[in-house]
Number of protein chains: 2
Amino acid sequence: MIDKLKNIAVFASLSDDSLRELAMHIEYIKHKKGTIIIRADKIEPHFYVLEKGIARAFCDGENQQITFWFGQSGNVLFSFNSYINNRPGYENIELLENSTLLQLRLSDLFSLYDQHLEIANWGRKIAEQELIATERRLIDRAFKGAAERYQEFIAQSPELIKRVALKHIASYLGVTQVTLSRIRATYK
Amino acid sequence: MIDKLKNIAVFASLSDDSLRELAMHIEYIKHKKGTIIIRADKIEPHFYVLEKGIARAFCDGENQQITFWFGQSGNVLFSFNSYINNRPGYENIELLENSTLLQLRLSDLFSLYDQHLEIANWGRKIAEQELIATERRLIDRAFKGAAERYQEFIAQSPELIKRVALKHIASYLGVTQVTLSRIRATYK
DNA sequence: GGCAACATTTTACAAATGTTAAAAAATGAG
DNA sequence: CTCATTTTTTAACATTTGTAAAATGTTGCC
């Protein structure tokens, strides 16, 4: 089990001791493409790590869904508001492919944070990495046009372009699908 | 010193023991309005807490500055990329008023993270709170028009509206100053 | 294969925001 | 207080992006 965890990106920095602690609380689960694993307006009691598959987080609007996050193999996957504030979340998380996940109760994770220094710092780094990635996206929206953001998305996430519907990528980039189509038509 | 720290929002949750540990490494400093306390492209070796004053973080573009963050009394203030990745940052931080700050070496802070469980979890929560606030802003950009974002900014940050130049608020909201002026003219 | 459901592109038009420049208002130093 | 500087507003026009609807393309199931 520990060797298996070591191969997953988010666990790579942890000592065997910490991995053993975590492994005691981890369950493997599988879900099919299309499963909504986390639902808005519910307190989600688990923290997941995506072992295999692709996921998206989205919010529902009146006549649109906005995808604001993609997860790939090795990424963590949780309801921000449940995890951080113990409140119902605003986001849904959908699996876009048949996936395998590691599941960990938040209550167990929080106990580990309060008992285990290395795991507490691991949790800190997870939040910090998400933070810097999110802030970069916010800044990119200000400095770069939609076309440039699309080009960079292709460069940085070649897997996602192949495997994710364009309508999801459009809202992730902050434009409508029509605009994304126009951008794509320009670079043909 | 410890009692003084307790009055600052970001320290409120810490035990006396943790506050004593932190206090050993904290220096008080003052700076005048207009001081750029953190500069892009440098590794910033300190972590600051704003005791009194207002600050903004901005990036320089070709013919514009984009403000993407405001700090008020009790907020922490650091170069994301220095703090998180030990690399030169992309942001400048400017004090918009005469300010008093608490200064802490990152190297000291990281030592505390590696030695002190409560402080490690305190650092985790700081990152998590920034993360959730940043993500909310990214989502708000998708669902709300500029006028609505302005209204909410007024409601949530009445102090900032009074004390910060509108040109900074415009870029924070993701519009030009001309557009913000038009929005303001509408609600008169 | 053929059909139904869904995804993507295209078109025409509308709305929002950006750009540039100039005027008006506010601020701050001496 | 006055002048110079900076900030904010206003105006005219250009550009980008959005909306709605139709056309085309793709996928998967029976």
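All of these numbers come straight from a predicted model, not from anything done at the bench. Every chain is numbered from 1 and lettered A, B, ... according to where its sequence line falls, protein lines coming before strand lines.
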Quick tally for nucleotides 17-30 of chain D: nucleotides whose base has a protein heavy atom under 4.0 Å get B, sugar-phosphate-only ones S, the rest -, giving SBBB----------
From [atom1] of [X] over to [atom2] of [N], roughly how many Å is that when rounded to an integer?
X: A:Leu96; N: C:dA7; atom1: CG; atom2: P; value: 11 Å
X: A:Ile169; N: C:dT8; atom1: CD1; atom2: C1'; value: 12 Å
X: B:Arg184; N: C:dA24; atom1: CZ; atom2: P; value: 19 Å
X: A:His168; N: C:dC6; atom1: NE2; atom2: C1'; value: 11 Å
X: B:Lys32; N: C:dG28; atom1: NZ; atom2: C1'; value: 15 Å
X: A:Leu166; N: C:dC6; atom1: CG; atom2: C1'; value: 13 Å

Should the ring pair B:Tyr83 and B:Tyr113 be called parallel, tilted or perpendicular, given that the plane angle runs from 0 to 90° and is split at 30 and 60? perpendicular
- Side-chain contact test, heavy atoms from C-beta onward, threshold under 4.5 Å: evaluate it for B:Leu180 versus B:Leu166 and give yes or no. yes
As a check of understanding: the bend across the helix from C:dG1-D:dC30 to C:dG30-D:dC1, end axes from five pairs, rounded to 10 degrees, works out to 50°
Heavy-atom nearest pair, B:Glu128 first then A:Ile84, reads O-CD1, 3.5 Å
Do A:Glu97 and A:Lys33 sit within salt-bridge range, that is, some charged N less than 4.0 Å from a carboxylate O?
-> no
Where do A:Arg184 and A:Tyr150 land on the side chain to side chain donor-acceptor pair (under 3.5 Å) test, with the steps shown first?
CA-CA 9 Å; A:Arg184 286 161 55 81; A:Tyr150 172 66; 2.9 Å; yes
